[in-house]
Amino acid sequence: MIYQNHTKLMTSALAEARKAAMFQEVPVGAVLADENGEILSAAFNQVISLSDPTAHAEILALRKACQKIGNYRLLNTTLYVTIEPCVMCMGAMIHARVSRIVFGAADPKWGAAGSLYDLPDDARLNHHPEIIRGILEAECRNLIQNFFRAKRKNHS
């Protein structure tokens with residue numbers, strides 16, 4: 001039985017996203033949990049602070065979990081992320097064989113889990129993670145929208 005309390009773990013992902021905002025990073029947070037709901041890793045966006053375009057919250061969470069378990073396959077895991085993953089992150093999750101991806105708010109400009117692209121549903125790929133959308137959606141969307149509103153206000 002795969003863990004089902006999505007709100008609890010999305011709350012943890014939101015806490016990670018708030019850490020990103022404190023460092024002026026785009027506030028995206030991710031938490032990877034095993035089938036029992038135990039958190040294997042947690043991360044937030046660090047693209048700017050690490051000078052690394054791949055340092056998205058999801059990628060960092062995947063890296064930490066792989067190191068923790070000593071395997072590049074993350075079977076029977078669920079990744080919780082505040083914003084719909086991009087193509088890079090979704091590709092990494094598919095390669096790692098993450099079983100389920102749960103996200104808060106859709107990303108119509110970059111999303112690869114149904115908004116702009118739909119990689120998990122692409123029949124040409126050999127792994128198809130389950131996608132659950134809209135968990136704590138308003139809170140996730142508000143966090144990122146408020147971040148960008150403040151950025152625009154400070155630049156005017």
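These numbers come from a predicted model, not from an experiment.
The structure places CG of Asp34 at 10.5 Å from OG of Ser41, a figure rounded to the nearest 0.5 Å. Rounding to the nearest 0.5 angstrom, the gap separating the CD atom in Glu58 from the CZ atom in Arg63 is 11.5 Å. With rounding to the nearest 0.5 Å, the separation of CD1 in Ile94 from SG in Cys89 is 11.5 Å. Of the inter-residue distances, the one linking Leu75 atom CG with Ser99 atom OG reads 6.5 Å to the nearest 0.5 angstrom. Considering CD1 of Ile131 and CG of Asp118, their distance stands at 7.5 Å, rounded to 0.5 Å. For the atom pair Lys8 NZ and Tyr80 OH, the distance stands at 10.0 Å (nearest 0.5 Å).
Hydrophobic clustering places Leu116 together with Phe103 (ILVMFWY residues linked when any side-chain heavy atoms are closer than 4.5 Å, directly or through intermediates). Residues Met93 and Val87 are members of one and the same hydrophobic cluster, defined by side-chain heavy-atom contacts under 4.5 angstrom among Ile, Leu, Val, Met, Phe, Trp and Tyr. When the side chains of ILVMFWY residues are joined at heavy-atom separations under 4.5 Å, either directly or via intervening members, Ile69 and Leu62 end up in a single hydrophobic cluster.
Annotation: side chain of Trp110 is not in contact with side chain of Ile83 (no heavy-atom distance under 4.5 Å). Counting only heavy atoms from C-beta outward, the side chains of Cys66 and Leu74 approach each other to under 4.5 Å. The side-chain heavy atoms of Leu60 and Gln46, taken from C-beta on, include a pair separated by under 4.5 Å. In this structure the side chain of Leu32 never reaches within 4.5 angstrom of the side chain of Thr78, judged on heavy atoms. Between Pro129 and Pro120, the closest side-chain pair of non-hydrogen atoms falls below 4.5 Å. Using a 4.5 Å heavy-atom cutoff, the side chains of Glu137 and Ile135 are not in contact.
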Step by step, would you call Arg18 with Leu143 a side-chain contact (heavy atoms from CB on, under 4.5 Å)? CA-CA 8 Å; Arg18 289 186 188 96; Leu143 180 62; 4.2 Å; yes

Audit row: Val102, Leu9, side-chain contact (heavy atoms from CB on, under 4.5 Å) steps and yes/no: CA-CA 9 Å; Val102 178; Leu9 289 170; over 6 Å; no

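The heavy-atom pair separating Val81 from Met10 by the smallest distance is O-CE, 3.4 Å. Between Ala30 and Leu79 the shortest heavy-atom distance is CB-CD2, 4.4 Å. Contact between Lys68 and Ile39 at its shortest, heavy atoms only, is NZ-O, 3.8 Å. Of all heavy-atom pairs between Ala42 and Lys64, the closest is O-NZ, 2.8 Å. In this structure, Glu130 and Ile132 approach most closely via the heavy-atom pair OE2-CD1, 3.6 Å. Nearest heavy-atom pair, Thr82 versus Val28, reported as atom, atom and distance to 0.1 Å: OG1-CA, 3.4 Å.
Between the side chain of Asn36 and the backbone N or O of Glu38 there is no donor-acceptor pair closer than 3.5 Å. Panel note: side chain Glu84, backbone Gly114; a donor-acceptor pair is recorded below 3.5 Å. When atom types are taken as modelled, the side chain of Asn45 and the backbone of Pro27 share no donor-acceptor pair closer than 3.5 angstrom. Of the possible polar contacts, one joining the Arg97 side chain to the His95 backbone as a donor-acceptor pair under 3.5 Å is found.
Ion pairing between a basic and an acidic side chain is recognised when a charged N comes within 4.0 Å of a carboxylate O; Lys151 and Glu25 show no such pairing.
A parallel orientation is assigned to the rings of Phe23 and Phe44, their planes being inclined by less than 30° (bins at 30° and 60°).
Defined by atom type and a distance below 3.5 Å, a donor-acceptor pair is missing between the side-chain atoms of Ser115 and Arg133.
The only option from Leu125, Val98, Ile101, Asp122 that meets the side-chain contact (heavy atoms from CB on, under 4.5 Å) definition with Met90 turns out to be Ile101.
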